[in-house]
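Basis for what follows: all heavy atoms, side chains included, without hydrogens, waters or symmetry-related copies.
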Amino acid sequence: MNQIILDSSVWIEYFRHSDSKISTEVDKLIDLGNIYTNELILTEIIPFLKLKKQFQLIQIMESIECFDMSIDWLQIKEMQFINLKNGINKIGIPDLLILQNTLQNQCSLFTLDKHFKLMSKFHKIHLYN
């Protein structure tokens, strides 16, 4: 079974538009049981859910299997160098950490952020379509 990390951009779309194509796809992945997260993505999503008093959604998010994050700062620096060398600017450290975590766990990334598609040309990341 292919493991898939859902980026915060996908979760935001999922929570905002329950009738969208993205929501249908996320529902399918949930039913298959192959979605994963990490603490960074949870940290991006949960405070907003807490602010909106969406405690049931917080429980659901916290029940998703979470990949450990082992940060290799040398690799992060090298990935950012490769990005800059290839004209991919304005990539934040959080996205590099998500990229690294996806690579470490040999899984796919489901994201709506276009800069991951740009980075996939230079990093061996598999994007979920």
Side-chain angles (χ1 to χ4, degrees):
M1 185 182 306
N2 187 25
Q3 299 172 322
I4 302 166
I5 293 178
L6 274 63
D7 186 31
S8 54
S9 61
V10 172
W11 286 116
I12 290 167
E13 175 69 16
Y14 182 73
F15 294 141
R16 282 189 184 158
H17 304 284
S18 61
D19 60 346
S20 73
K21 180 180 174 186
I22 296 296
S23 295
T24 302
E25 192 65 23
V26 171
D27 285 340
K28 181 179 94 174
L29 293 172
I30 290 170
D31 290 344
L32 291 172
N34 58 349
I35 62 167
Y36 296 79
T37 192
N38 60 43
E39 289 297 336
L40 177 59
I41 293 168
L42 292 177
T43 302
E44 290 178 324
I45 297 295
I46 288 178
F48 293 105
L49 294 175
K50 196 173 187 179
L51 186 65
K52 300 289 184 182
K53 300 182 192 282
Q54 296 292 321
F55 301 113
Q56 188 174 15
L57 287 177
I58 292 170
Q59 258 186 328
I60 292 167
M61 292 296 299
E62 289 178 337
S63 72
I64 298 169
E65 189 168 344
C66 202
F67 286 131
D68 287 333
M69 296 191 74
S70 176
I71 301 171
D72 178 345
W73 290 107
L74 290 175
Q75 184 185 30
I76 294 291
K77 290 174 199 170
E78 185 62 23
M79 287 190 303
Q80 189 70 306
F81 170 73
I82 291 168
N83 289 339
L84 294 171
K85 184 173 81 170
N86 290 288
I88 305 171
N89 303 316
K90 299 181 182 178
I91 302 297
I93 299 302
D95 286 339
L96 291 172
L97 294 173
I98 291 169
L99 172 63
Q100 184 179 68
N101 191 240
T102 302
L103 294 170
Q104 287 170 340
N105 290 287
Q106 301 173 341
C107 60
S108 299
L109 178 65
F110 187 2
T111 183
L112 302 177
D113 290 341
K114 291 177 175 74
H115 55 268
F116 279 106
K117 185 171 185 171
L118 293 172
M119 288 192 294
S120 72
K121 296 175 186 175
F122 306 101
H123 306 283
K124 295 180 181 183
I125 185 171
H126 181 264
L127 298 177
Y128 179 83
N129 295 8

Show me the side-chain donor-acceptor pairs of residues 87-107 shorter than 3.5 Å, one per line, residues at least two apart or across chains.
residue : atom : partner : partner atom : Å
D95     : OD2  : H115    : NE2          : 2.5
Q100    : OE1  : D72     : N            : 3.2
Q100    : NE2  : D72     : O            : 2.9
Q100    : NE2  : Q75     : OE1          : 2.7
N101    : OD1  : N38     : ND2          : 3.0
N101    : ND2  : D68     : O            : 2.9
T102    : OG1  : I98     : O            : 2.8
Q104    : NE2  : S70     : O            : 2.5
N105    : ND2  : N101    : O            : 2.9

(message) Distance check, rounded to the nearest 0.5 Å: S120 atom OG versus I125 atom CD1?
(response) 7.5 Å
(message) What's the separation between atom CD1 in I4 and atom OG in S108, rounded to the nearest 0.5 Å?
(response)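 Result: 5.5 Å between the selected atoms.
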(message) The criterion is side-chain contact (heavy atoms from CB on, under 4.5 Å); which residues satisfy it with E25, sequence neighbours excluded?
(response) K28, F110, Y128
(message) S20: which residues meet the side-chain contact (heavy atoms from CB on, under 4.5 Å) condition with it, sequence neighbours left out?
(response)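 Applying side-chain contact (heavy atoms from CB on, under 4.5 Å) to S20 gives E13, H17, I22, S23.
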(message) Is the shortest side-chain heavy-atom distance between D7 and L112 below 4.5 Å?
(response)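 The answer is no; the side chains never approach within 4.5 Å.
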(request) Please examine the side chains of T37 and I5, heavy atoms only from C-beta on, and report whether any two atoms are closer than 4.5 Å. (result)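 In short, these two side chains do not touch, never coming nearer than 4.5 Å.
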(message) Going by salt bridge (charged side-chain N to carboxylate O under 4.0 Å, His left out), name the pairs with one or both residues in residues 100-117, residues two or more places apart or in two chains.
(response)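 Sorted result for residues 100-117: empty, none.
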(request) Using side-chain hydrogen bond (donor to acceptor under 3.5 Å, both in side chains) as the criterion, list what pairs up with S8, not counting sequence neighbours. (result) E44
(message) What I want to check is whether the side chains of H126 and N2 have a donor and an acceptor closer together than 3.5 Å.
(response)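 There is no such pair between these side chains.
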(request) Evaluate the ring planes of F15 and W11, with Trp represented by its six-membered ring, and classify them as parallel (under 30°), tilted (30 to 60°) or perpendicular (over 60°). (result)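 Ring orientation of F15 relative to W11: parallel.
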(request) Take V10 and V26 through the test side-chain contact (heavy atoms from CB on, under 4.5 Å) and record every step on the way to the result. (result) CA-CA 8 Å; V10 172; V26 171; 3.5 Å; yes
(message) Assigning hydrophobic clusters by single linkage (Ile, Leu, Val, Met, Phe, Trp, Tyr; side-chain heavy-atom cutoff under 4.5 Å), is L84 placed with M119?
(response)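 As far as the 4.5 Å side-chain criterion goes, M119 and L84 are not connected within one cluster.
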(message) Is there a continuous path of hydrophobic side-chain contacts, each under 4.5 Å between heavy atoms, that joins M79 to L74?
(response)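 No; L74 is not reachable from M79 via cluster members.
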(request) Kindly write out the residues that satisfy ring pair (Phe, Tyr, Trp, His ring centres under 6.0 Å) with F116, not counting sequence neighbours, or none if the list is empty. (result)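 For F116, no residue satisfies ring pair (Phe, Tyr, Trp, His ring centres under 6.0 Å) once neighbours in sequence are set aside.
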Throw together a table of side-chain donor-acceptor distances under 3.5 angstrom for residues 45-67, partners on residues two or more places apart or in other chains.
residue : atom : partner : partner atom : Å
S63     : OG   : I60     : O            : 2.7

